[in-house]
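Everything below concerns the one structure shown next.
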Amino acid sequence: MPELPEVETTRRGIAPHIEGQTVQRVILRRDTLRWPIPDNLDRLLRNQPLQQVTRRAKYLQLQFAHGMLLIHLGMSGGLRILHSPIPAPGKHDHVDIIFSNGTVLRFHDPRRFGCVLWSDDGNHSLLTELGPEPLDDTFDAQYLFDLSRKKTVNIKGFIMNSRNVVGVGNIYASEALFMAGILPTTAAGDVSRARFEKLCQSIKLVLTRAIDQGGTTLKDFSNSDGKPGYFAQQLQVYGREGLPCPKCANAISKSILAQRATYYCGRCQR
DNA sequence: CGCTGACCCTGACGGC
DNA sequence: TGCCGTCAGGGTCAGC
């Protein structure tokens, strides 16, 4: 489910309900997601105040004084805030974190590609190899240009590689490349400095727009069916195979790149 | 080192 | 109605 905008929307949705609250207990209903969930999580978190909810890439970080809980939503994961009366857990509700004021943070993930991990030092190995945040100023055209020289991987794979830049998922990779007028199959090393300028701007723009859209539905977040609404946003090419290109009316094409659906306009993108 | 493809898992959907 | 194949927005890892 989540691309970066949805993770950020989730962070903003849950943070005001749980920041400053103390954990009363943790319920684990499954011992493994992508990786094993620490089985001592209840002992680790019990009576600990949650200081802050932050995000790095698509990882949510629940910060405590003695470490942080790292949560990744994978393809199908989600977090919900529940208030009394707490509904019975469904089939894929794997973890509940119950706070002393009665609020529950519930993690669900049908496909179980997500993870819930603990890090003592706040410097988990999953985070150490990550590239810059796309919305940071350190992420710019020069950075991408320098990094991409002599790289033969296609540009879509290049921007989706979290070592290069984090948070650009399959939907927004197609969208940003369309906006920048770059064919997804172009070798990263062949993309000019000027075109990286455009691409960098496009990545920032699509993600910012999507986060803004997600923000509009934050009020629904504590509902039982609360889903961030970024999915409703206007997508220019993703999922629009055969439909007219918004710029030139040419039919949108679909191809598979690195096992992922890729949408583009063969006329606007070169 | 860089790149490609296999893989993890369940559910939704379309065709027959 | 049910069965089967296909596909899905995440990421890691082995192997070439």
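Naming convention: chains lettered A, B, ... in sequence-line order (proteins, then strands); numbering from 1 in each chain. Below, all heavy atoms of this structure are taken into account, side chains as well, without hydrogens, waters or symmetry copies.
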Margin query: Under 4.0 Å between a side-chain nitrogen and a carboxylate oxygen: does that hold for R55(A) and E133(A)?
Written below: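 Judged by the 4.0 Å cut-off on N to carboxylate O distance, R55(A) and E133(A) do form a salt bridge.
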
Check: Is R106(A) paired with D96(A) through a side-chain N to carboxylate O contact shorter than 4.0 Å?
Finding: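 Here D96(A) pairs with R106(A) in a salt bridge, since their nearest N and O are under 4.0 Å apart.
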
Check: Within a strict 4.5 Å, meaning less than it, do heavy atoms of the I171(A) and E3(A) side chains meet?
Finding: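 Yes, side chains in contact.
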
Margin query: Do Q142(A) and D146(A) have side chains that approach each other closer than 4.5 Å (heavy atoms only, starting at C-beta)?
Written below: yes

Next item on the list: If the plane angle is over 60° it's perpendicular, under 30° parallel, otherwise tilted; pick one for W118(A) and F64(A).
Entry: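 If you compare the ring of W118(A) with that of F64(A), the planes turn out tilted.
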
Spacing between [X] atom [atom1] and [N] atom [atom2], to the nearest angstrom:
{"X": "L117(A)", "N": "dT12(C)", "atom1": "CG", "atom2": "P", "answer": "11 Å"}
{"X": "Y238(A)", "N": "dA8(C)", "atom1": "OH", "atom2": "C1'", "answer": "7 Å"}
{"X": "D109(A)", "N": "dG11(C)", "atom1": "CG", "atom2": "C1'", "answer": "12 Å"}
{"X": "E129(A)", "N": "dC13(C)", "atom1": "CD", "atom2": "C1'", "answer": "14 Å"}
{"X": "L130(A)", "N": "dG10(C)", "atom1": "CG", "atom2": "P", "answer": "15 Å"}
{"X": "Q259(A)", "N": "dA14(C)", "atom1": "CD", "atom2": "P", "answer": "17 Å"}
{"X": "R34(A)", "N": "dG10(C)", "atom1": "CZ", "atom2": "C1'", "answer": "8 Å"}
{"X": "F113(A)", "N": "dC13(C)", "atom1": "CZ", "atom2": "P", "answer": "15 Å"}

Minimum-distance nucleotide to [X] side chain [options: [options]]:
{"X": "Y59(A)", "options": "dT12(C), dG9(C), dG10(C)", "result": "dT12(C)"}
{"X": "R111(A)", "options": "dG10(C), dT12(C), dA8(C)", "result": "dA8(C)"}
{"X": "W35(A)", "options": "dT12(C), dG9(C), dG11(C)", "result": "dT12(C)"}
{"X": "I171(A)", "options": "dG9(C), dG10(C), dA8(C)", "result": "dG9(C)"}

Which part of the nucleic acid, if any, lies within contact of [X], taking any heavy atom under 4.0 Å across all strands shown: a base, the sugar-phosphate backbone alone, or nothing?
{"X": "A258(A)", "result": "nothing"}
{"X": "K150(A)", "result": "nothing"}
{"X": "R112(A)", "result": "sugar-phosphate"}

Next item on the list: Extract, from 5' to 3' on DNA chain B, the first and final nucleotides lying under 4.0 angstrom from some heavy atom of chain A.
Entry: dG2(B) to dG11(B)

Check: Is M68(A) isolated, or which residues cluster with it under the ILVMFWY side-chain rule of less than 4.5 Å, directly or via members?
Finding: W35(A), Y59(A), L70(A), L117(A), L126(A), L127(A), L130(A), V166(A)

Next item on the list: Kindly indicate whether a cation-pi arrangement holds for K156(A) with Y264(A), taking the cut-offs as under 6.0 Å to the six-membered ring centre and within 45° of the axis.
Entry: no

Margin query: Quick check on R56(A): does its CZ atom have over 12 non-hydrogen neighbours (other residues, nucleotides or ligands) under 6.0 Å away?
Written below: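 Correct, the count exceeds 12.
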
Next item on the list: Answer yes or no: does a side-chain N or O of R260(A) lie under 4.0 Å from OP1 or OP2 of dG10(C)?
Entry: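 It does, given that an N or O in the side chain of R260(A) lies less than 4.0 Å from OP1 or OP2 of dG10(C).
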
Next item on the list: With P as the reference atom in both, quote the distance from dA6(B) to dT6(C) in angstrom, rounded to an integer.
Entry: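 Taking atom P in both dA6(B) and dT6(C), they lie 15 Å apart.
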
Check: Any donor and acceptor pair, going by atom type alone, linking the side chain of Y172(A) with main-chain N or O of G167(A) inside 3.5 Å?
Finding: no

Check: Is the backbone N or O of Y263(A) less than 3.5 Å from a side-chain atom of S174(A), with the two atoms forming a donor-acceptor pair by type?
Finding: yes

Next item on the list: Counting Watson-Crick and G-U wobble pairs whose two distances are both under 3.5 Å, find the runs of 3 or more in a row that involve DNA chain B.
Entry: B:2-8 with C:10-16, B:10-16 with C:2-8

